[in-house]
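Worksheet for the structure shown next.
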Amino acid sequence: MAPLQALSLLLLASLASSAASGYRSTLTHIDSKLGFTKAQLMRRAVHRSRLRAASMLPGYSTTLSSSNAGPRLRSGQAEYLMELAIGTPPVPFVALADTGSDLTWTQCQPCKLCFPQDTPVYDPTTSSSFSPVPCSSATCLSIWSRNCTPTALCRYRYGYEDGAYSAGGLGTETITFGSSAPGEAPAASAGGVAFGCGTDNGGDSYNSTGTVGLGRGSLSLVAQLGVGKFSYCLTDFFNTSLGSPVLFGSLAELAASGGAAVQSTPLVQNPQGRSWYYVSLEGISLGDALLPIPNQTFALQADGTGGMIVDSGTIFTVLVESAFRVVANHVAELLGQPAINATSLDNPCFPAPAGERQLPAMPDMVLHFAGGADMTLHRDNYMSFDEEDSSFCLNIGGTTWTSILGNFQQQNIQMLFDITVGQMSFVPTDCSKL
Ligand SMILES: *[C@@H]1O[C@H](CO)[C@@H](O)[C@H](O)[C@H]1NC(C)=O
Ligand SMILES: *[C@@H]1O[C@H](CO)[C@@H](O)[C@H](O)[C@H]1NC(C)=O
Ligand SMILES: *[C@@H]1O[C@H](CO)[C@@H](O)[C@H](O)[C@H]1NC(C)=O
Ligand SMILES: *[C@@H]1O[C@H](CO)[C@@H](O)[C@H](O)[C@H]1NC(C)=O
C-alpha cells in the first residue's frame, strides 16, 4: 500500500471514531398503528393527498405568511414518523419527517401550549447537552432576523400550510438515532444540532412530538449532520406491520439490487428558492409505448411553477393536467374502459368486471428522468383494487400547478438524495430486507 493511502485510511479511521459517518432510523406510517382496513387506508390517503396538494399551491402559503409575520411557510402534513431521541440523557423524539422543510423542532418545557404527547415533554434544563442559540448567530439569521440585540436569544416561529405551527427558541442539542434495543442497530449520536425548542405549538400532531426537517436548506438535519446525503426505502403501503428504513451518510449508499442498476438524475433548483427536491421528468412510457406527452410538459418555469417535486409527504403522484389525461386515458384503454371524466383531476377508478377481485396483468409504467434515469413502476406501484367499490383505481391524479412524485409510487424503491452533489438516485429494492 502506498504511504499516502495508508495515511488517508488512518485519517478516515480517526474521523470515524470521533463522529459517526452514518445514521439509521425507522419511518413509521402515521396510519400504521390504528388498525385500518386496506379500503380505509386508501380513503384516508386520498383525503390527505388532496390537502397536501392544496397546501403546496404557492398562493396558499403567501396568504398565510403575510398574516403570520413569520418566516416563509413551508409544507404542512407529513406521512411518516421518524423515531429519534434528543438531549442527554436522551428522551424520545417522535418526529414527523418532512422532506419539504428544513427546521427540526420538538415540543419543549416550559410549555405555553403543547399538544398532548405520550412521552414526557423534553426539558432543556434537565439536559446537559443543550445550548441556546443567540440571535446574532448565522444559524439564527437564516430563520429570524428581527428585534435582535447582542444578548437576545434566537426566537423562531414556523408555520405550516395546514395550520400547524411551532414557536419558541432556537438551541443546539444532541440527537440520537436508533435504539439500544436488542437486535436493532446500535445508537449513534450527533451533537450541536440546531433545533427549535417549541414552547407554543398547535395543529395536527399525528401523535408526533415535533418535526424533523429533511429539505435541501442549510438548517435541514441532512445538512447539519455534515453527511450530505440520505436515503429512505418505503415498504408496502398496505402492510402496516412494516417500518421503513431511513439512512444518513455512509449508510445511505445504494447498491445494485436483483440485477437492477442504480440510476441517477440531477436535482434542480426552483428559481423561487423553495426547499423541495425537484427533478426533471422528460416522459412517461406504459409498457413499450412512450406516451404522447410533449417533452416540455414537466419543465420548471421561471415563475416557480411546473417541474416535479419528489415528496415523502404526498401519497399519490400528481401530474400536470395534460399529462395526467394522457396517462389516465391509456390506462382506461388497457382496461377496456371509455376515456375518463374530462373535468375531474381525482385519481380515476374504473368498474371491475363482475366477480373480478384482482387487478388484471398490466405493463410497467416507466418515468423517464433527465440523464437517462428510468424509474420502473410495477402495476402495484400505480394501481390498486378497491374492494368496497369493486373498482380498479389508478393511484395518480392531476394538478394545475406542479407535478409531485408521491410515496405510493416510491414503494420498494430505495431513494437517495445527495445534497452535496445535487443528485437523486434510486434502485428497486425489497425495503423490508434493507
Ligand atoms: C394517537 O394514538 C392513539 C393511541 O396511541 C390513537 O388512539 C389515536 O388515534 C392516534 N392519533 C392519530 C392522529 O394518529
Ligand atoms: C408484511 O410483511 C411481512 C414481512 O415481509 C410479511 O411476513 C407479511 O406476510 C406481510 N403482511 C401482509 C399483510 O402482507
Ligand atoms: C427533452 O428535452 C431536453 C432538453 O430540452 C433534451 O435534452 C432531451 O433529450 C429531450 N428528450 C426527449 C425524449 O426528446
Ligand atoms: C365528472 O367529475 C365532476 C367533478 O368530480 C362531477 O361533478 C361530474 O358529475 C362527473 N361527471 C360524470 C359524467 O361522471
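Counting starts at 1 for both ligands and their atoms, following the listed order. Computed from a prediction, not measured in an experiment: that's the story for all the values here.
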| task | Please could you name the atoms of ligand 2 that Leu242 approaches to less than 4.0 Å, counting only its heavy atoms? | result | 2 (O), 3 (C), 4 (C)
For residues 348-363, which side-chain N or O atoms pair as donor and acceptor with protein atoms under 3.5 Å away, sequence neighbours left out?
none

| request: Return the minimal non-hydrogen interatomic distance between Thr139 and Leu219, and the atom names on each side. | output: CG2-CD1, 3.6 Å
| query | So, for Cys431 and Asn412, which heavy atoms are closest and what is the spacing to 0.1 Å? | reply | N-OD1, 2.9 Å
| query | What protein heavy atom is closest to atom 5 (O) of ligand 2, reported as residue, atom name and distance in Å? | reply | Ser432 OG, 3.9 Å
| said: Can you tell me if the gamma sulfurs of Cys114 and Cys111 sit closer than 2.5 Å? | reply: yes
| said: Using heavy-atom distances only, which candidate in Thr240, Asp430, Asn239 approaches atom 12 (C) of ligand 2 most closely? | reply: Asn239
| message | If only side-chain N and O atoms count, and only distance matters, is there a donor-acceptor pair under 3.5 Å linking Tyr232 with Gln410? | response | yes
| field | Heavy atom of protein closer than 4.0 angstrom to atom 7 (O) of ligand 2 | value | no
| query | Would a 4.0 Å cut-off, counted as strictly less than, catch a protein heavy atom around atom 14 (O) of ligand 2? | reply | yes
| Backbone, side chain, both or neither: what part of Asp236 comes under 4.0 angstrom of ligand 2, heavy atoms only? | neither
